[in-house]
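Beneath this line is the structure, given in structure tokens, with notes to follow.
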2 protein chains.
Amino acid sequence: MNKDAVNIYDIARMSGVSIATVSRVMNGSEKVSEKTRKKVMDVIGKVGYTPNVFAQGLGLNTMHTVGILVPTIADQYMSSAVAYLETELIKHGYDCILGNSGFDLEGKQKKTEMLLSKHIDSLILVGSTYAGDGSDTNATEYIRAAAKRVPVFIINGNVNGENIYASVCEDEKAVYEAATSMLRRGRKNIVFLTDSHSYSANKKKNGYERAMKSVGKAAKEAKDGIIYVENHIHRVRDQLLAMENLKCDGIIASNDMIAIGAVKYALAKGMDIPEDIEIIGYNNSTLAISCAPEVTSIDNHTEEICKDTVDRIMKILDGGEEKLSHKISVPCTLIARETTM
Amino acid sequence: MNKDAVNIYDIARMSGVSIATVSRVMNGSEKVSEKTRKKVMDVIGKVGYTPNVFAQGLGLNTMHTVGILVPTIADQYMSSAVAYLETELIKHGYDCILGNSGFDLEGKQKKTEMLLSKHIDSLILVGSTYAGDGSDTNATEYIRAAAKRVPVFIINGNVNGENIYASVCEDEKAVYEAATSMLRRGRKNIVFLTDSHSYSANKKKNGYERAMKSVGKAAKEAKDGIIYVENHIHRVRDQLLAMENLKCDGIIASNDMIAIGAVKYALAKGMDIPEDIEIIGYNNSTLAISCAPEVTSIDNHTEEICKDTVDRIMKILDGGEEKLSHKISVPCTLIARETTM
DNA sequence: TTCTTACATGTAAGCGCATACATTTTGATT
DNA sequence: AATCAAAATGTATGCGCTTACATGTAAGAA
């Protein structure tokens with residue numbers, strides 16, 4: 001099927017040199033006279049030679065490729081993260097190969113294996129679902145196994161281990177502060193909505209609980225303020241509507257989708273936003289401004305985290321034996337809009 | 001870096017057979033006795049052998065991989081399409097490698113080259129920006145060049161050529177019908193909002209113009225109803241607000257993002273939706289239901305198109321010499337919500 | 001001029017696999 | 001037991017490239 005017949009031997013013959021020389025000019029080796037380099041480049045320019053990556057890979061065992069694993073690319077947060085990562089990796093001459101793992105462990109393991117089998121130079125896991133609940137269960141064993149082969153980077157996740165590096169958002173703090181500011185504005189009944197038990201979701205929950213306790217709520221009461229929902233606008237709305245004794249004047253959601261479900265709930269209840277109820281989302285995605293009223297949201301600086309992650313990958317891949325810290329934190333920023341006072 | 005030292009020779013030695021036999025059991029060849037197959041499989045199970053894809057690829061010149069090119073993965077439509085494609089390709093044993101081309105020609109060419117250099121078995125271009133305006137300009141020359149190497153499939157685009165296959169939505173018809181239904185409901189001034197000159201955008205414009213002409217509007221008047229905007233909620237809103245003599249009671253947008261911009265405009269103007277103004281979006285994405293009021297949108301059956309595309313790819317890749325039609329059309333469906341009566 | 005060096009280029013080995021072809025084994029048939 | 005076809009297995013080659021090492025060459029030193 002593939003007909004790029006022209007190989008290094010063709011170029012060598014056509015330019016009257018050996019394949020070693022061709023290889024040298026292709027790889028920018030400095031041990032080539034300017035004259036022959038030009039000669040070879042001319043031929044290449046004429047016939048359009050591209051090295052066969054398989055052959056290169058076979059020898060070098062690398063393809064200048066990094067694998068990116070996401071639970072699902074059909075998600076605002078994931079797809080924008082992938083876009084940032086890709087942009088950045090390209091700058092450094094690396095291509096990326098994408099894996100959609102789904103949320104179940106088997107899918108994650110399988111896709112990790114798939115990516116590794118492509119001889120990626122590094123693996124990036126996007127999203128905290130890859131970090132389990134932060135404890136070292138066997139649910140993250142496959143990550144540690146992968147790290148035996150290539151450096152593994154986790155965006156907003158936290159898995160300990162040799163050769164594993166994490167970039168995390170300061171979610172706990174962000175939610176704590178968001179909740180605290182609501183409390184300061186006199187809100188009495190704040191609930192926290194989430195669809196997940198992931199590492200990141202847990203941090204957010206902790207932030208919420210800490211804020212609640214800080215104003216004297218009992219531990220149980222704080223915990224009861226956490227409501228688990230599905231990650232779907234209408235189902236969030238319906239679930240809240242179905243809760244007859246739900247009485248709240250403040251909602252913090254673990255993502256914007258859920259926050260919008262909350263907005264729909266408030267609207268259906270005939271409440272005024274933000275007078276009767278304040279709502280804060282998370283991720284500061286396009287969804288947040290697509291809603292009316294536009295949703296106040298916590299920005300977790302995805303672009304910055306992605307750039308930073310790629311920088312760190314390059315530090316390792318470029319052979320730098322310089323020790324990298326295994327975990328860096330990036331603060332979040334609250335973007336105030338119409339759903340808060 | 002990569003330490004998967006165990007290769008086919010190791011397995012052969014450990015199981016007391018030749019590498020040819022190991023290769024045969026790996027590839028499920030039937031010319032292996034049950035006894036030796038089991039013997040080899042046992043060893044493999046024990047030491048965990050995975051064939052080196054480079055070596056495989058070098059010989060076979062294929063890696064069971066298809067390339068997917070999108071202008072940007074950070075877009076609802078693109079990312080969901082990629083998700084569908086990936087899911088479907090996996091089922092057939094193909095992995096996918098993603099390229100983010102950006103919207104400029106150079107990026108498209110470069111990324112196409114990158115994907116081809118990875119020895120993909122087929123190339124999928126997602127989105128009509130790859131089809132230019134439908135005319136055969138040199139802006140699509142690189143696609144025809146790629147098609148000389150592998151079969152190229154375009155999702156919602158239209159480029160003619162050997163080895164190029166397209167799946168298109170019936171956008172013209174969908175917009176025509178949407179506009180016509182608005183007209184039937186007595187709307188007098190309908191405008192069409194778009195951010196693009198792509199093949200798909202042009203079809204939509206044509207549908208709009210045809211509908212306008214069908215109720216006696218002059219060609220010029222129909223054309224003047226087309227307003228070019230940026231693909232950004234707030235900028236759409238602001239641009240419309242800035243048009244002092246804009247007087248319309250119906251808006252059709254070429255995607256949901258723009259439609260929501262229109263909603264924001266109407267809201268800012270204090271209009272009642274849908275009484276004073278009807279708005280229809282396109283793609284039926286999550287954005288459409290995240291807005292309040294929820295936006296009526298045209299669903300272009302992305303999932304169906306993607307599945308269908310993969311089916312056709314497989315027909316070709318599985319060596320079927322069966323002739324495929326170079327273009328198939330899929331109808332769209334209007335999903336009525338709160339922005340239409 | 002002759003020897004030395006540094007630099008430029010060429011030669012050949014191997015990376016791990018699939019597979020055409022060669023060889024051996026099996027088992028059925030006589 | 002002898003024969004032969006079919007089935008199972010092995011041998012050896014090539015896929016296109018990088019690179020250590022070998023060889024060649026030109027410039028400078030003696």
Side-chain angles (χ1 to χ4, degrees), chain A residues 1-41 43-44 47-65 93 116-119 121 149 319, chain B residues 1-41 43-44 47-65 93 116-119 121 149 319:
Chain A
M1 183 59 78
N2 210 313
K3 303 146 187 153
D4 43 9
V6 42
N7 61 25
I8 200 170
Y9 288 96
D10 297 326
I11 302 296
R13 186 166 21 78
M14 291 162 119
S15 38
V17 299
S18 73
I19 61 165
T21 301
V22 176
S23 177
R24 289 195 190 95
V25 343
M26 287 307 291
N27 298 297
S29 161
E30 69 285 347
K31 348 186 92 181
V32 185
S33 74
E34 206 41 57
K35 198 165 54 175
T36 56
R37 155 169 287 119
K38 187 159 164 23
K39 198 165 54 178
V40 172
M41 286 307 282
V43 172
I44 289 175
V47 306
Y49 163 66
T50 311
N52 181 318
V53 288
F54 293 161
Q56 290 185 141
L58 231 201
L60 302 178
N61 213 35
T62 165
M63 228 166 64
H64 273 263
T65 299
L116 287 173
S117 80
K118 304 271 187 196
H119 293 248
D121 297 297
R149 308 234 249 142
Chain B
M1 184 60 80
N2 209 312
K3 303 149 186 149
D4 43 9
V6 41
N7 61 23
I8 199 169
Y9 289 95
D10 297 325
I11 302 296
R13 185 165 23 77
M14 291 162 118
S15 37
V17 300
S18 72
I19 63 162
T21 300
V22 175
S23 178
R24 288 194 190 96
V25 343
M26 286 308 290
N27 297 296
S29 160
E30 69 286 345
K31 351 186 90 183
V32 184
S33 75
E34 207 40 57
K35 200 165 51 175
T36 57
R37 155 169 287 119
K38 188 157 165 21
K39 198 165 54 181
V40 173
M41 286 307 282
V43 173
I44 290 176
V47 305
Y49 163 65
T50 311
N52 181 317
V53 289
F54 293 161
Q56 289 184 141
L58 230 202
L60 302 178
N61 211 35
T62 165
M63 228 165 65
H64 274 264
T65 299
L116 287 172
S117 80
K118 302 271 186 197
H119 292 248
D121 297 296
R149 307 234 249 143

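Lettering follows sequence order; numbering is per chain, from 1. Note that these values count all heavy atoms, side chains included, but never hydrogens, waters or copies made by symmetry.
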Would you mind reading off the distance between [X] atom [atom1] and [N] atom [atom2], rounded to a whole angstrom?
X        : N       : atom1 : atom2 : answer
Phe54(A) : dT18(D) : CZ    : C1'   : 17 Å
Asn52(B) : dG16(C) : CG    : C1'   : 6 Å
His64(B) : dC17(C) : NE2   : P     : 16 Å
Gln56(A) : dG14(C) : CD    : C1'   : 16 Å
Arg13(B) : dG16(C) : CZ    : P     : 12 Å
Ile19(B) : dA18(C) : CD1   : P     : 9 Å
Asn7(B)  : dG16(C) : CG    : P     : 5 Å
Arg24(A) : dC17(D) : CZ    : C1'   : 13 Å

Does [X] make a side-chain N or O approach to OP1 or OP2 of [N] shorter than 4.0 Å?
X        : N       : answer
Thr36(B) : dT9(D)  : yes
Asn27(B) : dA18(C) : yes
Ser33(A) : dT9(C)  : yes
Thr21(B) : dA8(D)  : no

TODO: Would you mind classifying the nucleic acid contact of Val17(B) as base, sugar-phosphate or nothing, using non-hydrogen atoms under 4.0 angstrom?
DONE: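 Contact class for Val17(B): sugar-phosphate only.
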With sugar-phosphate meaning primed atoms plus P, OP1 and OP2, does Val22(B) contact a base, only sugar-phosphate, or nothing at under 4.0 Å between heavy atoms?
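No contact.
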**Q.** Proximal nucleotide (of dG10(D), dC17(C), dT9(C)) relative to the Ala20(B) side chain
**A.**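 Nearest listed nucleotide: dG10(D).
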- If you measure from CD1 on Ile44(B) to CD1 on Ile11(B), what distance do you get to the nearest 0.5 Å?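 One finds 5.0 Å between CD1 of Ile44(B) and CD1 of Ile11(B).
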query: Side chain of Tyr9(A), base of dC17(D): donor and acceptor closer than 3.5 Å?
result: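 Such a pair exists between side chain and base.
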For Ser117(B) versus Thr50(A), what's the shortest heavy-atom pair and its separation?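 Heavy-atom minimum between the residues: CB-CG2, 4.2 Å.
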